[in-house]
Amino acid sequence: MIETRYDFKQIEPKIYKKWLPHLKIKKQKSKQNAESDKSLSAPKGLSFGIVFLMAPPNITGSLHLGHSLENTLIDILVRYYRMKGQTPVWLPGIDHAGIATQNVVEKELRKQGISRFDLGREKFIEKCWEWKEKYGNIILDQFKKLGITPDWSRVKFTMDKKYVESVEKAFIEYYDKGFIYRDLRPINFCPRCKTGLSDLELEWKPEKGKLYFIKYPVKNQGFIVVATTRPETILGDTAVAVNPKDVRYKNFIRKTAILPVVEKEIPIIADIRIEPNFGTGAVKITPAHSIVDYEISKRHSLKLANVIDENGKMINANEFNGLNYLDCREKILEELNAKNLIEKIEDYVHEIPHCDRCKTAIQVIPSLEWFVKMGELAKIAKNAIQSKQTLIIPNKYKKPYFDWLKNIRDWCISRKLWWGQSLPVWFCQNQTGRENLEIRNSKFEKKLNANFVVSLTKPKKCPLCKNCEMVRTDEVFDTWFSSALWSFATLYTPQEKKWYPAFMVSSARDILHLWIMRMIFSGLFFKDKAPYKVAFIHPTIQTKEGKRMSKSLGTGIDPLDLIEKYGADALRFGLIWQMSDKQDLRFDEMHIITGKKFATKVWNATRFCSMQNLEIKNQTPKIETEFRFSVKMTNKNSKLKTLSVADKKIIKEFNATLKFVEKNILVYAFAQALQTLYSFFWNDLCDNYLESCKGETKNNPKILKDIIENSLKMLNVFMPFFTEELWSSLDKKQLLLFEKWPVAL
RNA sequence: GGGCGUUUAGCUCAGUGGCAGAGCGCUAUCUUCACACGAUAUAGGUCGUUGGUUCAAUUCCAACAACGCCCACCA
């Protein structure tokens, strides 16, 4: 007997407990798993095993709606394939998220008035582990509330011992194959986090400033005027550059300018990177404090003059030493003014990079860091998509993927953070390898690479000086270096190792480059196979007003609140209902209400059906037996007489719906599938057919039962909880989770 | 600066070379024995702007505009 009301708050947790023991993939059924069912149309030209990778959420806090959408859509596929008799394997996990987690833990400490430096490195890392234990579990619980069905016995964490080992091995393999080098070069440095950042971890914001036009004296030729926003970096200038085609400066090229204040001779060079139409068309080159200048300086073999340190203080700057760079700017301007070397000052708004995580303005300073050469890897990444080893869906994301690879820089993979996986690099204590690094010459690289060894374990004897106890570097990996290996580093056991490559991964588009692309070339580099066949990019969830959803802006919506209010089924319905292949999704709560109402509708229709059947049973038990054959009756030559016009109509409509839903699930058009199912159930089934069953019933009652039960099976992949509950109310022995996907009637 | 996307009912969005659709909201009626989280009926749109192709354009093409996102970073 079916209850009159469905109480999701009570029932959802109860149902999840029923599923839980069955989510563990015990044994891979040898041939049955991959490619067994030919009717499953894989994307053209692909054969596949049904392995899904969860994009491991950061342990920084709780989940957001993007996670809910992403994992709901994978769950739909997983449930679908499971009902199709496959053994889908969905591998869950969480990410240690180096800089992000370090920052939230620091924030927590700041509330108590302490910094990580007060605590010390070791204690701080302990705090991070405590954080991980707490929030890692919270996140997993949140997923369970959403009703998703990964194999929870295989949760991986990017700082698991085995995982870290894979990361170290990958570094060593890259290093041995010549893909990794160490270099002193300007990097984006966050003065607050005290670490370097990659280009992808910056946030650009406009800021009001001044553009100073400064006269640099040229030997025997008067002046050349350069425009700059940062006069203090004059101290680090090693050249003035103009565009080779710029006729105004034709006679200045290869001449010598006198650097003001410093009174040093610097060359005037020609480089195509200089834009003639901006400023004066002449640019001061400060290789140590500008990434673009550094690139120019490399082409012209210029020296690196480091004049600002990690704290924004002046160094190697004589009388200016120790000054904050802004104070230094004032002094320099005073001096230039005294010498009448300032032509003019204009107001100027320009984009300043900030730390993506803590929003502090970035300083560009030279630092010794580790880099991965991207040339070859970019080719691998490009080829994987071009050769269709991996499909990016929707197709439109291929273009940004390729564009990014065109002008790719080498990847800085070291971070000077505390929370993370440290590099397997051991330093000799008797050779610093750091002398005279400002001078770029043939000995430069030798010296740079003369004082360390790359090794998984500590060398017993220092191979360099034969004498010291080597010390492991305290540098850690960029989190993305580690998560780039996610597709195979999570496979610990021999059985798990067979699950490479996976079938599918899904993410929002903001990590297409950070994660998706890097995972693709990493997989191909280390395992010779692309890590998955399908990278599905789902829309980014915005507020209803089209604003970014973010906790700090107060525009975020907690999925748990919605589950509390409407239930997980309704949340899943609402998210999928709104999902299109557009790049954004403006989230509106009303669609969740629609989901909630729909669940009630289905609940009541099923209840009506079961009451009808009960009546039949009680009154005329013989009819029921007769109707058992009804499914077959629809075949051409069978007793069509027992079917009414309405019966035939609803069967036809059901079959069309089934076909459409299945087709759309397989092309990731989940919203279309769900909307079709919705209107079939509500309009065709409830409004028309079911109404026609009332009164003097000429319809075949078995048809109603069949259609409702088969609809529940289809609905189950979208809204698993209440459909499962209904199923058990219908006295079914087996969980709906394991029922077979319906076939046409 | 380069690229991408969006623009259809009050709101969030489907959709189509030939009477414009859904959900929510609104209005009216109905507590009829599955469901008021319901039923029935109604109102609401020159389908961003301007041109072009076509017998016919909301749909195809071009330009423009607004909004959003990504990439670059010009000192």
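By convention in this document, chain letters (A, B, ...) are assigned in the order of the sequence lines, proteins followed by strands, and residues within each chain are numbered from 1.
- B:G25 and B:A65 have their C1' atoms separated by 30 Å, given to the nearest Å.
- What separates NE2 of A:H591 from P of B:C11 is a distance of 13 Å, to the nearest Å.
- In summary, A:R248 and A:D246 engage in a salt bridge, as defined by a charged side-chain N under 4.0 Å from a carboxylate O.
- One finds no side-chain N or O of A:W204 lying less than 4.0 angstrom from the OP1 or OP2 phosphate oxygen of B:G1.
- If you check B:C4, B:C37, B:A34 against the side chain of A:Q583, the one that comes closest is B:C4.
- A:K399 contributes no side-chain N or O that forms a donor-acceptor pair with the base of B:C4 under 3.5 Å.
- Listed in residue order, the members of residues 719-731 of chain A having a heavy atom less than 4.0 Å from RNA chain B come to none.
- In this structure, A:D569 does not pair ionically with A:R572, as no charged nitrogen and carboxylate oxygen lie closer than 4.0 Å.
- How far CG of A:L562 is from CD1 of A:I592: 4.5 Å, rounded to the nearest 0.5 Å.
- B:C47 sits 32 Å from B:G38 when the C1' atoms are compared, rounded to a whole Å.
- B:A22 and B:U42 are spaced 12 Å apart, taking the P atom of each and rounding to whole Å.
- Between A:H591 and A:F573, every side-chain heavy-atom pair lies at or beyond the 4.5 Å cut-off.
- If you take CD1 of A:I274 and C1' of B:C73, they are 13 Å apart, rounded to a whole angstrom.
- Comparing the P positions of B:U16 and B:G10 gives a spacing of 22 Å, expressed to the nearest Å.
- Here B:G5 presents its P atom at 15 Å from CG of A:L512, a figure rounded to the nearest Å.
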For side-chain hydrogen bond (donor to acceptor under 3.5 Å, both in side chains), just list the numbers for A:T540 and A:R509, CA-CA rounded to whole Å, side-chain angles, deciding distance to a tenth of an Å, and then say yes or no.
CA-CA 7 Å; A:T540 302; A:R509 66 178 187 286; 2.7 Å; yes
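- A close approach under 4.0 Å does occur between a side-chain nitrogen or oxygen of A:K582 and OP1 or OP2 of B:U7.
- Applying a 4.0 Å cut-off to non-hydrogen atoms, the residues of residues 225-244 of chain A that approach RNA chain B are A:A227, A:T228, A:T229, listed by residue number.
- With salt bridges taken as basic N to acidic carboxylate O contacts below 4.0 Å, one links A:E589 and A:K565.
- When atom types are taken as modelled, the side chain of A:H289 and the backbone of A:V364 share a donor-acceptor pair closer than 3.5 angstrom.
- Between the side chains of A:H538 and A:E70, a donor-acceptor pair is found at a separation under 3.5 Å.
- At a threshold of 4.0 Å, the pair A:E346-A:K344 counts as salt-bridged, since one of the basic side-chain nitrogens sits closer than that to a carboxylate oxygen.
- The separation of B:G45 from B:C19, taken at their C1' atoms, amounts to 15 Å, rounded to a whole angstrom.
- Nearest-nucleotide assignment on RNA chain B puts the 5′-proximal partner with A:A605, out of A:A605 and A:Q542.
- Listed candidates were B:U12, B:G38, B:A14. Nearest to the side chain of A:Q675 is B:A14.
- Taking 4.0 angstrom as the limit, A:K597 places a side-chain polar atom (N or O) nearer than this to OP1 or OP2 of B:G38.
- At a threshold of 4.0 angstrom between heavy atoms, the contacts of A:D293 with the nucleic acid are absent.
- Considering only side-chain atoms of A:R586, the nucleotide from B:U12, B:A75, B:C73 that sits closest is B:U12.
- One N or O on the side chain of A:K396 and one on the backbone of A:D581 form a donor-acceptor pair closer than 3.5 Å.
- Ion pairing between a basic and an acidic side chain is recognised when a charged N comes within 4.0 Å of a carboxylate O; A:E203 and A:K359 show such pairing.
- Stem analysis of RNA chain B (at least three stacked-register Watson-Crick or G-U pairs, each with both distances under 3.5 Å) gives B:1-7 with B:65-71, B:10-13 with B:21-24, B:27-30 with B:38-41, B:48-52 with B:60-64.
- Phosphate contact (OP1/OP2 of B:A75, side-chain N/O of A:H350, threshold under 4.0 Å): present.
- Distance from the side chain of A:W404 is smallest for B:C71 among the nucleotides B:C73, B:C37, B:C71.
- Rounded to the nearest Å, the gap between the P atom of B:C64 and that of B:G5 is 16 Å.
- Electrostatic pairing of A:K208 and A:D347 does not count as a salt bridge here, judged by no charged N lying under 4.0 Å from a carboxylate O.
- The C1' atoms of B:C69 and B:A63 are separated by 23 Å, rounded to the nearest whole Å.
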Test A:F8 against A:F721 for ring pair (Phe, Tyr, Trp, His ring centres under 6.0 Å), laying out the working first.
CA-CA 8 Å; A:F8 65 84; A:F721 285 110; 9.8 Å; no
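- Counting non-hydrogen atoms under 4.0 angstrom, A:N604 reaches a base of the nucleic acid.
- The gap from the C1' atom of B:U50 to that of B:A66 amounts to 15 Å, rounded to the nearest Å.
- At whole-Å resolution of the value, CG in A:L571 and C1' in B:C37 are 17 Å apart.
- In terms of position on RNA chain B, the residue among A:R5 and A:S290 whose nearest nucleotide sits closer to the 5' end is A:R5.
- Between B:A14 and A:S580, a contact under 4.0 Å exists linking OP1 or OP2 to a side-chain N or O.
- Side-chain atoms of A:C686 lie closest to B:A34 of the nucleotides B:C70, B:G38, B:A34.
- One can find a donor-acceptor pair under 3.5 Å joining the base of B:A34 and the side-chain atoms of A:E691.
- In this entry the distance linking CZ of A:F278 with C1' of B:C74 reads 5 Å, nearest Å.
- One can place CG of A:L690 at 13 Å from C1' of B:G38, the figure rounded to the nearest angstrom.
- In the model, A:W411 has a side-chain atom that pairs as donor or acceptor with a side-chain atom of A:D478 under 3.5 Å.
- When each of B:A34, B:U12, B:C73 is scored by its nearest atom to the side-chain atoms of A:Q578, the top-ranked nucleotide is B:U12.
- At whole-Å resolution of the value, CE in A:M590 and P in B:C26 are 13 Å apart.
- Between A:Y397 and the phosphate of B:C70, there is no side-chain N or O to OP1/OP2 separation shorter than 4.0 Å.
- In summary, A:E709 and A:K705 engage in a salt bridge, as defined by a charged side-chain N under 4.0 Å from a carboxylate O.
- In this structure, A:Y348 reaches the sugar-phosphate backbone alone: every heavy-atom distance under 4.0 Å involves primed, P, OP1 or OP2 atoms, never a base.
- Contact between the side-chain N/O atoms of A:R607 and the OP1/OP2 oxygens of B:G38 is not found at any separation under 4.0 Å.
- Regarding A:E275, its CD atom lies at a distance of 12 Å from the P atom of B:G2, rounded to whole Å.
- Applying the 4.0 Å criterion to OP1 and OP2 of B:A39, one finds that A:K601 has a side-chain N or O inside that range.
- Residue contacts shown for A:Y678 are limited to sugar-phosphate atoms, with no base heavy atom under 4.0 Å away.
- No contact: A:L211 has no heavy atom under 4.0 Å from any strand.
- Across all strands, A:R273 comes closer than 4.0 Å only to sugar-phosphate atoms, never to a base (heavy-atom distances).
- Ring-plane geometry between A:Y668 and A:F670 is classed as perpendicular, the angle between the planes exceeding 60 degrees on a 0 to 90 degree scale with a lower cut at 30.
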